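Reading through the structure tokens given below for one structure.
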Amino acid sequence: GKYPHATGVNLLFTPFPDGSNLTIAEHLRNNDYETAIIGKNHWNNWIWGSLYQEGQPDHGFSQIVESKDYRQFLQDNPAPPVPVNQQYYSRKSLSKDSIAEWMNWRVLPHAVNDAHSSGTYFANQAVEFITKNEHNPFFLWLAFFEPHQPYYFPLEYRNKYDPNNIVLPEGSPEDDRWIPRKYQNLSEPQKKGIIASYYTSTEYMDKNLGMVLDALEDLNLSDNTLVIYISDNGYLLYEHKRFEKHTLWEESIRQPMIFKLGNKYRAGSKTDALVEYIDVVPTILDLIEIPPIGEAQGSSFSPVIAGQTNQHKSIAFSEYLHDNMAMVCDKKWKYVFTTGNRDLGIGYQTGYGPSGIVHRLYDLEQDPGEFKSVAHLPENTPVL
């Protein structure tokens, strides 16, 4: 329920400071909930590993299932041989410098069947946890790796999407200055293949999510279980002529937020109220009638869910501290600031060097694709 700068996590590999943050899992475990996290967690505790004298913190999760457990599963349950004379994706033989191959532009499955694939393993672990706790209040955080690059899917998902049918976004001349060098020379078939792989990986994840929803139905838990679907920042799929998320354009910062609310609220409602991910924790606690976390910066939007209002916040804020970028927007305007002290980080350098301070202003009503900044126009100075 806090912004990155407030949690203290400001870079990709910053360890999550356990002592100065109260997680929702800790809060719910203190309120007699069974808690588990399955899949990706990204706490980076290994960086501070030697400093934890009593073992690494669990951040409130009594059960933790992660990649090392999947590897153990494969040792205990060897996968059957895959068909020979077919191509498969193998990240071990690739370099991240070969970005088209790394992002699986050939749309190749991994050399594993669905039953032994990692996302299916995590989904099965989630079903097992739910089944074990069907009579207990529980909090489960299920974090699939998909559809994060390099795009993963098992052999049953081969040829799901034809790259030739994909229409590429066009972008605008303003984008050219900011394209990471690794994307500047991609061919059209490579661009379309990357998007097809993303779609395939997403469909595979969708199947695994369905396994968990089916389990809730089978256990008659759907009516009194709150299910929330959110995601990592969205990938640009050649919007703005690039293929990652380290920006503050809409495709990166406007993320999924779907609430399945059991039998308390009418299904099928949509809202354009401005909400932020820091609001999710306060909203969960409000909906399940658990006292709030005092340090949370977000606020509950349960009145929006209940249909009592279609307004929550007047502005939304986002920050990408790796590149010293920050954004504030309402429904009409978006302002993005960057110090431009250095070229883009963690492998996404443009090759043009540091930009210096940049102000961007987009009119989201007139220019929803954010093709042209209007920060320089004198009439927009008051807005800026």
Side-chain angles (χ1 to χ4, degrees), residues 3-5 9-15 40 42 44 47 89 91 94-106 145-152 168-199 201-202 231-255 277 317-327 334-360 362 369-371 373:
Y3 291 116
H5 70 263
V9 179
N10 64 328
L11 298 175
L12 181 64
F13 291 109
T14 304
K40 187 175 184 178
H42 221 301
N44 295 323
I47 295 175
Y89 182 93
R91 61 188 292 178
L94 298 177
S95 166
K96 286 186 179 181
D97 295 330
S98 176
I99 192 63
E101 299 293 344
W102 176 261
M103 297 186 78
N104 197 6
W105 79 273
R106 300 179 194 276
F145 284 81
E146 294 77 34
H148 198 289
Q149 59 141 309
Y151 304 127
Y152 176 101
L168 293 173
E170 293 186 6
S172 76
E174 278 194 14
D175 297 329
D176 295 342
R177 164 64 179 84
W178 310 105
I179 304 172
R181 186 160 41 197
K182 62 176 62 177
Y183 302 128
Q184 291 172 8
N185 297 311
L186 292 174
S187 67
E188 183 170 306
Q190 288 173 333
K191 295 169 187 175
K192 291 184 175 183
I194 290 170
I195 296 172
S197 272
Y198 178 94
Y199 289 168
S201 185
T202 301
S231 87
D232 193 353
N233 293 83
Y235 270 121
L236 297 157
L237 298 178
Y238 205 59
E239 292 92 357
H240 301 283
K241 305 180 184 179
R242 56 202 289 167
F243 284 100
E244 32 64 70
K245 57 193 177 179
H246 310 98
T247 75
L248 295 174
W249 285 305
E250 287 293 278
E251 291 83 6
S252 285
I253 61 157
R254 189 175 290 276
Q255 298 156 248
Y277 270 7
F317 172 77
S318 187
E319 58 189 350
Y320 180 53
L321 296 168
H322 251 294
D323 289 332
N324 299 314
M325 298 174 68
M327 175 223 83
K334 178 193 285 185
Y335 169 66
V336 180
F337 170 81
T338 179
T339 63
N341 284 339
R342 59 185 176 91
D343 204 352
L344 302 180
I346 57 173
Y348 294 95
Q349 292 80 8
T350 66
Y352 297 116
S355 64
I357 290 174
V358 177
H359 304 275
R360 293 181 232 188
Y362 298 106
E370 299 170 303
F371 294 134
S373 170

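This is a predicted model, so every value here is computed, not measured. Numbering starts at 1 and runs along the sequence shown.
Between Q184 and T350 the shortest heavy-atom distance is NE2-O, 3.0 Å. Of all the heavy atoms in P354 and G340, the pair that sits closest is CB-O, 3.3 Å. What you find for Q149 and W102 is that their closest heavy atoms are OE1-NE1, 2.7 Å. Scanning all heavy atoms of the two residues, the minimum distance from S355 to W178 falls at CB-CH2, 3.5 Å. Contact between D343 and G353 at its shortest, heavy atoms only, is OD2-N, 3.5 Å. For P189 against W105, the heavy-atom pair with the smallest separation is O-CE3, 3.7 Å.
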- Kindly indicate, with the supporting measurements, whether the criterion side chain to side chain contact (heavy atoms under 4.5 Å, CB included) is fulfilled by H240 and I179. CA-CA 8 Å; H240 301 283; I179 304 172; over 6 Å; no
- Walk me through it: do H359 and Y335 pass the test side chain to side chain contact (heavy atoms under 4.5 Å, CB included)? CA-CA 7 Å; H359 304 275; Y335 169 66; 2.8 Å; yes
- Under the side chain to side chain contact (heavy atoms under 4.5 Å, CB included) criterion, do N44 and V9 qualify, and how do the steps go? CA-CA 10 Å; N44 295 323; V9 179; over 6 Å; no
- Check step by step if side chain to side chain contact (heavy atoms under 4.5 Å, CB included) holds for F243 and K182. CA-CA 10 Å; F243 284 100; K182 62 176 62 177; over 6 Å; no
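With hydrogens and angles ignored, the 3.5 Å screen pairs no side-chain donor or acceptor of N104 with any backbone N or O of R91. Q190 places a side-chain N or O within donor-acceptor distance of the main-chain N or O of S187, the cut-off being under 3.5 Å. Under the 3.5 Å distance criterion, the side-chain polar atoms of E239 are left unmatched by any main-chain donor or acceptor of G369. Judged purely by atom type and a 3.5 angstrom limit, E244 uses its side chain to pair as donor or acceptor with the backbone of H246.
Rounding to the nearest 0.5 Å gives a distance of 11.5 Å between OH of Y352 and CG of L344. Atom CG of L168 and atom NZ of K192 lie 5.5 Å apart (nearest 0.5 Å). Atom NE2 in H148 sits 10.5 Å away from atom OG in S231 (nearest 0.5 Å). We find the CE-CG distance between M325 and L248 to be 4.0 Å, quoted to the nearest 0.5 Å. Taking CG of D323 as the start and CD1 of I346 as the end, the distance is 7.0 Å to the nearest 0.5 Å. Going from atom CE of M327 over to atom OG1 of T338 covers 14.0 Å, rounded to the nearest 0.5 Å.
The 12-atom threshold is not exceeded at CD of E188, counting heavy atoms of other residues, nucleotides or ligands nearer than 6.0 Å. Within 6.0 Å of CD in Q349 there are more than 12 heavy atoms belonging to other residues, nucleotides or ligands.
At a threshold of 4.5 Å between non-hydrogen side-chain atoms, the residues I357 and F337 count as touching. Taking 4.5 Å as the limit, some side-chain heavy atom of H322 sits within range of a side-chain heavy atom of R342. A heavy-atom distance below 4.5 Å is found between the side chains of S373 and E174. Looking at heavy atoms from C-beta onward, K245 lies in side-chain contact with D232 at the 4.5 angstrom threshold. Side-chain contact between Y152 and Y89 is absent, with no heavy atoms from C-beta onward closer than 4.5 Å. Inter-residue side-chain proximity for E251 and Y235 is flagged as unmet; no heavy-atom pair is nearer than 4.5 Å. In this structure, I99 and I194 have side chains that are not in contact, with every pair of non-hydrogen atoms separated by 4.5 Å or more.
Residues meeting the side chain to side chain donor-acceptor pair (under 3.5 Å) test with Y362, sequence neighbours left out: W249. In terms of the side chain to side chain donor-acceptor pair (under 3.5 Å) criterion, residue partners of T14 (sequence neighbours excluded) are, by chain and number, N10. For H42, there are no ring pair (Phe, Tyr, Trp, His ring centres under 6.0 Å) partners, not counting sequence neighbours. Among residues two or more places apart in sequence or in another chain, the ring pair (Phe, Tyr, Trp, His ring centres under 6.0 Å) test is passed with F317 by Y3. In this view, Y199 satisfies the side chain to side chain donor-acceptor pair (under 3.5 Å) rule with no residue, not counting sequence neighbours. By the side chain to side chain donor-acceptor pair (under 3.5 Å) test, S201 pairs with no residue at all, sequence neighbours left out.
Between E250 and K334 there is a salt bridge, since at least one side-chain N of the basic residue sits less than 4.0 Å from a carboxylate O of the acidic one.
Side chains of S252 and N233: no donor on one and acceptor on the other come within 3.5 Å.
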